[in-house]
Number of protein chains: 2
Amino acid sequence: MANTIYDVANLAGVSTATVSRVINKIGNVSPKTETKVKSAMEKLNFTPNSLAQSFATMKSKTIGFNISLTVSDEMRDYYIDSDYFTELFKGINRITQNTGYSILIINIKENLENIRSDFIDKKKIDGLIIGNQPEDTKIFRNIINAKLPVVYIGQLKKYNKGLHVYAQYSQYVKNVIEYLYNKNHRHIAYFGAKKEDEIKKLIKHNDDITLEYYNLLFNNKHLRETILELFNKKERPTALFYEELSGIQPVISILNELNIRVPEDISIVSVEHKKGLGNNFYPPITNVYVPVYEMGKRATKILIDYIEGNITEYNHQFDLESIIIERNSVIQI
Amino acid sequence: MANTIYDVANLAGVSTATVSRVINKIGNVSPKTETKVKSAMEKLNFTPNSLAQSFATMKSKTIGFNISLTVSDEMRDYYIDSDYFTELFKGINRITQNTGYSILIINIKENLENIRSDFIDKKKIDGLIIGNQPEDTKIFRNIINAKLPVVYIGQLKKYNKGLHVYAQYSQYVKNVIEYLYNKNHRHIAYFGAKKEDEIKKLIKHNDDITLEYYNLLFNNKHLRETILELFNKKERPTALFYEELSGIQPVISILNELNIRVPEDISIVSVEHKKGLGNNFYPPITNVYVPVYEMGKRATKILIDYIEGNITEYNHQFDLESIIIERNSVIQI
DNA sequence: CTGAAAGCGCTTACAG
DNA sequence: CTGAAAGCGCTTACAG
């Protein structure tokens with residue numbers, strides 16, 4: 001059997017309370033006593049049982065990370081494979097590794113109610129990070145209203161409450177279109193997740209811009225046909241805003257086939273969730289950089305601060321800025 | 001305060017032992033009693049405290065996943081960003097989500113000794129999966145000799161013990177070279193992690209093959225110069241075995257610049273850790289498919305079986321096969 | 001600065 | 001099929 005705190009206390013000739021104080025560096029212990037206890041721990045090769053510690057304190061020192069909530073299986077796989085997930089994960093990990101917290105992966109198939117009852121209520125985790133924008137459901141509202149330790153990424157429409165980190169998606173979609181507009185592009189093809197009418201609301205120069213809209217973000221089976229169709233029109237767009245960076249290479253390949261040069265014949269802008277990814281292409285792609293790594297770090301800091309009572313405020317949106325990184329895929333016309 | 005098992009027992013008019021039996025579906029409980037207990041749990045909105053459960057059973061129902069052990073920071077980032085990590089992670093998650101186990105991410109900066117004392121000894125995890133091939137250290141041998149619940153990926157040279165899953169790296173390197181040989185390639189450039197002399201030992205037709213060797217797997221800063229140099233020689237290779245799939249696109253771009261066509265002028269083979277990745281290129285790349293997803297699943301199954309006493313054997317290597325998937329980047333010459 | 005002791009919420013051999 | 005009670009290994013108010 002492994003040694004317990006009692007064995008240490010006996011060997012050191014002190015009480016378990018004192019051993020506990022030494023372990024947790026809490027309260028005042030005289031240097032002499034501390035030395036005795038430490039050498040007893042050493043001698044017995046003692047390491048505290050964290051299950052007992054967690055039980056006694058009702059704190060698991062663990063935060064849950066849920067990758068994607070209430071989405072289809074297809075979307076889930078997309079998330080885990082994405083740079084978005086990887087960067088978020090690295091950001092979270094970066095913070096936890098210096099705080100003594102561990103990351104518990106919350107099973108991907110769980111819905112929010114299961115997470116709440118199985119993990120938060122059962123104390124298996126001290127808090128939760130939700131990696132994607134949750135839907136505005138009754139369950140979610142209950143969680144927020146109960147002020148449970150949950151931080152989410154994104155924005156909750158019409159219910160801007162709770163603790164969340166947001167990179168202002170609408171803002172950067174707008175910024176890209178304006179960026180292209182300022183380079184005198186007036187005919188832009190958009191491939192992405194935002195809805196057509198939402199985009200139109202964002203843009204200032206609607207009368208002056210022709211926007212070709214395609215929402216095939218997670219289904220680019222028809223990419224080839226779509227691109228061919230688009231570029232066989234007599235009025236070709238001069239710029240492409242293609243949100244999904246992993247789809248850029250196929251697009252470039254198809255354009256190559258058609259002898260359409262980037263950027264001479266068509267300018268391209270995409271989105272990178274990891275800084276520098278646009279450099280992996282030929283030509284290097286001008287991208288919006290969404291600081292997902294930073295978002296993961298920020299979300300984790302906030303969560304731990306809230307768990308530990310360092311912040312008491314509960315409803316707050318933490319904004320991070322996305323910036324356009326200019327490379328060689330856009331020209332002024 | 002949240003309700004405890006005592007509250008449920010009182011309301012149902014039974015003992016806590018009986019409530020526990022109902023919760024854990026263990027032992028015999030009469031249907032009547034079960035109904036009473038269940039409705040009491042429902043009424044009180046009771047959910048067992050998993051910290052107390054873990055403490056009482058000394059089982060955390062959690063397995064640790066360590067991504068990379070005893071490697072440099074640079075390598076660590078490489079791992080997390082790689083398809084290898086993602087696929088392994090998905091495989092592990094796939095199994096845990098159906099077994100009641102959770103995944104605890106073991107902090108990336110930890111070394112094996114810290115993992116052992118902080119997680120395994122402290123009971124924070126029931127077992128550990130090590131995502132990469134561990135070095136043959138004293139600590140590692142101690143762990144294996146103590147038959148601790150640890151499963152690792154890869155092979156431990158000269159010390160082929162413990163539980164591990166292996167995709168036979170040497171074997172597939174050999175297979176690729178022979179595959180190219182059978183297509184009449186006699187001049188092959190290799191870019192990868194294996195050492196030159198190891199490769200020579202693997203190949204049958206050494207006298208008949210010219211192998212240009214480059215070990216720049218994790219440092220392709222000089223990729224461009226290297227490729228230019230290689231293809232400016234008068235004796236160009238006819239085939240390229242480039243292990244790092246994420247580097248294939250830059251290679252193709254550089255070849256495009258040089259007006260060297262794939263596969264007409266040069267055949268290319270790479271390695272994919274996720275099935276189908278070779279299709280994302282133009283032309284589609286003929287790849288070795290290493291079944292990392294499957295490896296993650298297998299490792300997790302073995303670990304859980306060992307933890308739960310379903311297997312008692314400790315020293316076993318579980319082999320998985322890597323296969324070559326033919327696409328359009330290799331020609332017969 | 002230190003100790004005695006209750007308590008955290010379950011599980012489980014044991015007895016019936 | 002069911003219950004009384006010990007026990008898991010810590011922490012922490014309280015007293016001194």
Side-chain angles (χ1 to χ4, degrees), chain A residues 1-38 40-41 44-62 100 117-124 126 308, chain B residues 1-38 40-41 44-62 100 117-124 126 308:
Chain A
M1 271 308 287
N3 290 306
T4 72
I5 202 173
Y6 283 95
D7 303 315
V8 177
N10 281 336
L11 184 60
V14 300
S15 72
T16 59
T18 299
V19 177
S20 179
R21 287 185 191 106
V22 172
I23 292 171
N24 296 299
K25 301 184 180 82
I26 251 173
N28 286 321
V29 179
S30 78
K32 273 188 192 170
T33 311
E34 187 176 346
T35 309
K36 279 194 298 181
V37 171
K38 280 190 172 168
M41 292 201 292
L44 294 173
N45 203 8
F46 170 77
T47 166
N49 182 311
S50 67
L51 256 28
Q53 287 177 315
S54 291
F55 175 62
T57 58
M58 280 301 141
K59 287 179 178 30
S60 61
K61 279 289 206 176
T62 296
S117 63
D118 288 357
F119 292 91
I120 303 180
D121 291 353
K122 292 175 87 172
K123 305 281 182 197
K124 191 146 185 174
D126 294 339
E308 301 194 335
Chain B
M1 273 306 288
N3 290 306
T4 72
I5 201 173
Y6 283 94
D7 303 315
V8 177
N10 281 337
L11 184 60
V14 299
S15 73
T16 60
T18 298
V19 178
S20 180
R21 286 186 192 106
V22 172
I23 292 171
N24 296 299
K25 302 184 180 81
I26 250 173
N28 285 320
V29 178
S30 77
K32 271 188 192 168
T33 311
E34 187 175 346
T35 309
K36 276 195 300 183
V37 171
K38 281 190 170 166
M41 292 201 293
L44 294 174
N45 202 9
F46 170 77
T47 166
N49 182 313
S50 67
L51 256 27
Q53 287 178 315
S54 290
F55 176 61
T57 58
M58 278 302 141
K59 287 181 176 30
S60 62
K61 280 290 206 172
T62 296
S117 63
D118 288 357
F119 292 91
I120 302 180
D121 291 354
K122 292 176 86 171
K123 306 282 181 196
K124 191 144 184 174
D126 294 338
E308 301 194 337

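Note on naming: letters A, B, ... go to the chains in the order of the sequence lines (proteins, then strands), and numbering restarts at 1 for each one.
Base pairing in DNA chain C gives the following stems of 3 or more Watson-Crick or G-U pairs, range against range and under 3.5 Å: C:1-3 with D:14-16, C:5-12 with D:5-12, C:14-16 with D:1-3.
Counting heavy atoms from C-beta outward, B/Arg21 and B/Val37 have side chains that stay 4.5 Å or more apart. For the pair B/Val19 and B/Ile23, the minimum side-chain heavy-atom distance is below 4.5 Å. By the 4.5 Å heavy-atom criterion applied to side chains, A/Lys124 and A/Thr62 are not counted as neighbours. Looking only at side-chain heavy atoms (C-beta outward), A/Lys61 and A/Gln53 stay at 4.5 Å or farther from each other.
Contact between the side-chain N/O atoms of A/Asn49 and the OP1/OP2 oxygens of D/dG9 is not found at any separation under 4.0 Å. Residue A/Asn28 places no side-chain N or O under 4.0 Å from the OP1 or OP2 atom of C/dT2. Close to C/dT2, at under 4.0 Å from its OP1 or OP2, lies a side-chain N or O of A/Ser30. Dashed line: the shortest gap from a side-chain N or O of B/Gln53 to OP1 or OP2 of C/dT11 is under 4.0 Å.
With values rounded to the nearest 0.5 angstrom, B/Ile5 atom CD1 is found 12.0 Å from B/Leu44 atom CG.
DNA chain C lies under 4.0 Å from at least one heavy atom of each of the following residues of residues 12-20 of chain B: B/Thr16, B/Ala17, B/Ser20.
Rounded to a whole angstrom, the distance from the P atom of D/dA13 to that of D/dG9 is 23 Å. Here, C/dC14 and C/dC10 have their P atoms 24 Å apart, quoted to the whole Å.
When rounded to the nearest whole Å, the span between OH of A/Tyr6 and P of C/dA5 equals 11 Å. For B/Asn3 and C/dG9, the CG to P distance is 11 Å, given to the nearest whole Å. Atom-to-atom, CZ of A/Arg21 to P of C/dG3 comes out at 8 Å; the value is rounded to the nearest Å. Distance NZ (A/Lys124) to C1' (C/dC10): 14 Å, rounded to an integer number of Å.
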